Protein chains: 2
Amino acid sequence: MNDQPLPDAGLLALSRDFREALRHSIYLVRRLDADGELSAAQLSTLKMLLDAVDDGVRVGEIARNLGVKVPSATEQIIKLERAGLVRREADPDDSRAVRVKLTGEGHAAVESANTRRNAVMAGILGSLSDRERQALAAALPVIGRINESLQP
Amino acid sequence: MNDQPLPDAGLLALSRDFREALRHSIYLVRRLDADGELSAAQLSTLKMLLDAVDDGVRVGEIARNLGVKVPSATEQIIKLERAGLVRREADPDDSRAVRVKLTGEGHAAVESANTRRNAVMAGILGSLSDRERQALAAALPVIGRINESLQP
DNA sequence: GCCTAACTGTTAGGCTTCCTAACTATGAAC
DNA sequence: GTTCATAGTTAGGAAGCCTAACAGTTAGGC
């Protein structure tokens, strides 16, 4: 294989290939979201709340995490609220703010959806070789670093 | 209930991390599409046509490549046609079919948009270390294989 | 204290993309 | 030459995202 450091021409080739991989990942994303129960954004929101059960999370923070504007986050939160999965409470420290918290039902829903989607993904990754899984695992922190650097 | 054995713990962790990485990649995808000129689907369509300049590509094939249903592909093709980037011709062998071909203007547009987005991506990947780029490069074929296996 | 500016979130309206269902037209099988 | 399958378009609607306008709250300057 090619073990020498990537030349500058390789940077462009890598860019092209990464773009292509990202583009085709829609198949993967769609497969995972085929649940029908919760949209990807809704599940992400609930997962966020899972890590902040006590205090809840502010709308703006949810929006930032989802990569959308605040009104779009509000829209999703209202849907989750209507479904009984979250509730909105006034922030004791700042009356402008709203704290979104998970309900018991929401807690169950996120656990269930999360488990199922992980199982689907595990089924897909299970067909890979150990070597391939290692290559994938080694790249995830890199992708994570890229994504963090772009997060506003 | 649990009729099948739980997947290996490492596999589940990888599944979770990969899902997380994919989810956060929306920042990256949005950054690349910030052009405003062409949507991701439209650029993908034009790139497809670039590789089949002579014969054009059928609508169903475009839909499959985009990962959408035929009516959605038709919609995008009509927009591209109205923008003067593609034209639709009857298939000489099958009068039911339509062959979508790139115009000269479309050719220029895809080259330009592609070059620009590759440059944006290269700018992002340029901030990585060689080691990180190598890890990413090693994982792309794996991701590609996963995506291909899911393509209908 | 007050006035202004900044901030948090909601509402309203519109755009894009995707879907399913229904339709037209053509091809293929028998 | 029916009959069934296939290719694509049209119509209508759902979901997600956006910007702009708004109300309420906080914080800083005077």
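Throughout, protein chains are lettered first and strands after them, A, B, ... in sequence-line order, and every chain is numbered starting at 1. On a predicted model such as this, the values are computed, not experimentally measured, just so you know.
Interatomic distance, Leu32(A) CG to Tyr27(A) OH, rounded to the nearest 0.5 Å: 15.0 Å. With rounding to the nearest 0.5 Å, the separation of CG in Leu102(A) from CD in Glu111(A) is 9.0 Å.
In this entry the distance linking CG of Asp94(B) with P of dT24(C) reads 19 Å, nearest Å. What separates CD1 of Ile78(A) from P of dG9(C) is a distance of 13 Å, to the nearest Å. In this structure, the CZ atom of Arg58(A) is 11 Å from the P atom of dT26(D), given to the nearest Å. Distance, Glu75(A) CD to dG13(C) P: 14 Å, rounded to whole Å. If you measure from atom CD of Gln42(B) to atom C1' of dT17(C), you get 10 Å, rounded to the nearest angstrom. Counting to the nearest Å, the C1' atom of dG9(C) and the CD atom of Glu89(A) are 16 Å from each other. In this structure, Lys79(A) atom NZ and dT11(C) atom P are separated by 14 Å, rounded to whole Å. Here dT17(C) presents its P atom at 10 Å from CG of Asp33(B), a figure rounded to the nearest Å.
Residue Val68(B) is in sugar-phosphate contact alone, with no base atom involved, counting any heavy-atom pair closer than 4.0 Å across all strands shown. Using a 4.0 Å heavy-atom criterion, one finds that Val98(A) contacts the sugar-phosphate atoms exclusively. Residue Arg88(A) is classed as a sugar-phosphate contact, given heavy-atom separations below 4.0 Å to backbone atoms only.
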One pair to check against side-chain hydrogen bond (donor to acceptor under 3.5 Å, both in side chains): Asn114(B) and Arg16(A). What are the steps and the verdict? CA-CA 9 Å; Asn114(B) 213 24; Arg16(A) 182 173 29 74; over 6 Å; no

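Taking only side-chain nitrogens and oxygens, Lys69(A) never comes nearer than 4.0 Å to OP1 or OP2 of dG16(D). Put simply, Gln76(A) has a side-chain N or O that comes within less than 4.0 Å of OP1 or OP2 on dC17(D). Between dG8(D) and Thr74(B), no contact under 4.0 Å exists linking OP1 or OP2 to a side-chain N or O. Between Ser95(B) and the phosphate of dG27(C), there is a side-chain N or O to OP1/OP2 separation shorter than 4.0 Å. For dG16(D), one of the phosphate oxygens OP1 or OP2 lies less than 4.0 angstrom from a side-chain nitrogen or oxygen of Ser39(A). When the side-chain nitrogen and oxygen atoms of Ser72(A) are compared with OP1 and OP2 of dC18(D), one or more of them lie within a distance under 4.0 Å.
Comparing Pro71(B) and Asp93(B) by the nucleotide of DNA chain C that holds the closest heavy atom to each, the one mapping nearer the 5' end is Pro71(B).
A salt bridge is defined here as a Lys NZ or Arg NE, NH1 or NH2 lying under 4.0 Å from an Asp or Glu carboxylate O, and Glu89(A) with Arg87(A) meets this definition.
Contact detail for Asp55(B) and Arg99(B): the closest heavy-atom pair is O-CD, 2.9 Å.
Across all strands shown, dC30(D) pairs with dG1(C); the Watson-Crick or G-U wobble distances both stay below 3.5 Å.
Donor-acceptor pairing under 3.5 Å, judged by distance alone, is present between the side chain of Arg96(B) and the base of dT6(D).
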